[in-house]
**Student:** 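Before we start, here is the structure in question, set down as structure tokens.
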Amino acid sequence: MSASTQPDCIFCRIVAGEAHSHPVHEDDDVLAFMDIQPVEPGHTLIIPKHHYENLLESTPEAMAAVARVSVPLARALREVFSPDGIFVAQTNGVAAGQTVFHYHLHLIPRWHGSRVQLHGRRLADPEELAAHAVRIRAALRGGEDAIETESVQD
Ligand code: 5GP
Ligand code: ZN
């Protein structure tokens, strides 16, 4: 799957290394990184490197690559944050709440009593995001189902 870049797309710019992110996993097809405005600590996004506007524009192969990463990443979030649950969400179109038009899957740790919401209210402290990414990367490397990942760092 080749990465197709849309110059105005912030996620394409992150894939290309032109915009900063706190990545936790990278392989040939997929990048996962911390959401800049998390609903809860550990809120992570998984994207195909190739630009697809959303599910409707994507391919089964690209979605399979995203799904493959979602399993070890969810387990890493469980290990690091000990949430009561993990909310998986994905938006297609403005009416569905989509604000970035490059496919992304949200993994959001949740605790009993936390409000169901898709968008956080404030930008996260970058140092906190960096620290979370370090711990998630370590959990991904050390987990029972460690996945092949390039050695991403902030
Ligand atoms: P959507 O509403 O499209 O489902 O979600 C877009 C998500 O992307 C939001 O949770 C938002 O906080 C996140 N986001 C937007 N811009 C950036 C960015 O530049 N970097 C990162 N890491 N996340 C972003
Ligand atoms: Zn894009």
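In what follows, residues are counted from 1 in the order of the sequence shown. One-based numbering, in listed order, for ligands and for the atoms of each.
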**Student:** Determine whether the side chain, the backbone, both or neither of His119 has a heavy atom under 4.0 Å from any heavy atom of ligand 1.
**Tutor:**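 It is the side chain that gets close, since no backbone atom is under 4.0 Å.
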**Student:** Between His50 and Tyr52, how do the two ring planes meet: parallel, tilted or perpendicular, split at 30° and 60°?
**Tutor:**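 Tilted.
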**Student:** Can you give me the closest heavy-atom contact between Leu77 and Pro83, atom names plus distance?
**Tutor:**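 Looking at all heavy atoms of both residues, the shortest contact is O-CD, 3.7 Å.
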**Student:** Which heavy atom of Leu73 sits nearest to which heavy atom of Ala32, and what is that distance?
**Tutor:**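 Answer, listing the atom of Leu73 first, then Ala32: CD2-CB, 4.0 Å.
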**Student:** When rounded to the nearest 0.5 angstrom, what is the spacing between CD in Gln37 and NE2 in His119?
**Tutor:**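 Those atoms lie 8.5 Å apart.
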**Student:** What angle sits at the Zn ion (ligand 2) between SG of Cys9 and SG of Cys12, to 10°?
**Tutor:**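 Answer comes to 120°, rounded to 10°.
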**Student:** Report, in ascending order of atom number, the atoms of ligand 1 lying under 4.0 Å from any heavy atom of Phe33.
**Tutor:**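 In order of numbering, the contacting atoms are 21 (C), 22 (N).
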**Student:** Got an N/O contact under 3.5 Å between His43 and ligand 1?
**Tutor:**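 The answer is no, given that His43 and ligand 1 share no N or O pair closer than 3.5 Å.
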**Student:** Look only at interatomic distance and state if Met34 has a nitrogen or oxygen under 3.5 Å from any nitrogen or oxygen of ligand 1.
**Tutor:**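 Checking ligand 1 against Met34, an N or O pair does fall under 3.5 Å apart.
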**Student:** Is ligand 1 under 4.0 Å from a heavy atom in the side chain of Phe101, in the backbone, in both, or in neither?
**Tutor:**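 The answer is neither; Phe101 stays 4.0 Å or more away.
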**Student:** Within this structure, what is the CD-NE2 distance for the pair Gln90 and His106, rounded to the nearest 0.5 Å?
**Tutor:**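 Interatomic distance, Gln90 CD to His106 NE2, rounded to 0.5 Å: 8.0 Å.
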**Student:** Among all protein heavy atoms in this structure, tell me which lies nearest to atom 3 (O) of ligand 1, with the distance rounded to 0.1 Å.
**Tutor:**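 Scanning the protein heavy atoms, the shortest distance from atom 3 (O) of ligand 1 goes to Thr99 N, 2.7 Å.
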**Student:** Using the Zn ion (ligand 2) as the apex, give the angle to atoms ND1 (His51) and ND1 (His102), rounded to 10 degrees.
**Tutor:**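 My answer is 110°, to the nearest 10°.
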**Student:** With a 4.0 Å cut-off on heavy atoms, is Gly97 in contact with ligand 1?
**Tutor:**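 True for this residue.
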**Student:** Donor-acceptor pair, distance only, cut-off 3.5 Å: does the side chain of Gln98 make one with the backbone of Glu53?
**Tutor:**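 Looks like yes, one N/O pair under 3.5 Å.
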**Student:** Is a side-chain donor or acceptor of Asn92 paired with a backbone partner of Leu55 at a separation under 3.5 angstrom?
**Tutor:**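 Confirmed, Asn92 side chain pairs with Leu55 backbone.
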**Student:** Would you mind checking which non-hydrogen protein atom is closest to atom 11 (C) of ligand 1, with the distance to 0.1 Å?
**Tutor:**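 Ranked first by proximity to atom 11 (C) of ligand 1 is Asp35 OD1, 3.4 Å.
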**Student:** Would you mind running through ligand 1 and noting each atom that sits below 4.0 Å from a heavy atom of Leu45?
**Tutor:**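 Counting from 1, the qualifying ligand atoms are 8 (O).
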**Student:** Please report the closest heavy-atom contact between Pro48 and Met63, naming both atoms and the distance.
**Tutor:**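 So the two residues come closest at CG-CE, 4.5 Å.
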**Student:** Closest non-hydrogen protein atom to atom 24 (C) of ligand 1, residue and atom name please, with distance?
**Tutor:**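 The protein heavy atom lying closest is Ile36 CG2, 3.4 Å.
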**Student:** Donor-acceptor pair, Asp84 side chain versus His112 backbone, under 3.5 Å?
**Tutor:**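 Checked: pair present.
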**Student:** Does any N/O atom on Val100 come nearer than 3.5 Å to any N/O atom on ligand 1?
**Tutor:**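 Yes: some nitrogen or oxygen of Val100 is under 3.5 Å from one in ligand 1.
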**Student:** Within less than 4.0 angstrom of ligand 1, does His104 place any heavy atom?
**Tutor:**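 His104 counts as a contact of ligand 1 under the 4.0 Å cut-off.
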**Student:** Looking at Val94 and Phe101, what are the two nearest heavy atoms and their distance?
**Tutor:**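 Shortest heavy-atom contact: CG2-CZ, 3.8 Å.
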**Student:** List ligand 1 atoms under 4.0 Å from Ile10, heavy atoms only on the residue side.
**Tutor:**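 It comes down to these atoms of ligand 1: 19 (O).
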**Student:** Check this for me - ligand 1, Thr91, N or O atoms closer than 3.5 angstrom, yes or no?
**Tutor:**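 It does: an N or O of Thr91 is found under 3.5 Å from an N or O of ligand 1.
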**Student:** How about His104 and His102: are their ring centroids closer than 6.0 Å?
**Tutor:**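 Distance test on ring centres: not under 6.0 Å, no.
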**Student:** Using a 4.0 Å cut-off to any heavy atom of His106, which atoms of ligand 1 qualify?
**Tutor:**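 Within the 4.0 Å cut-off of His106, ligand 1 contributes 1 (P), 4 (O), 5 (O), 7 (C), 10 (O).
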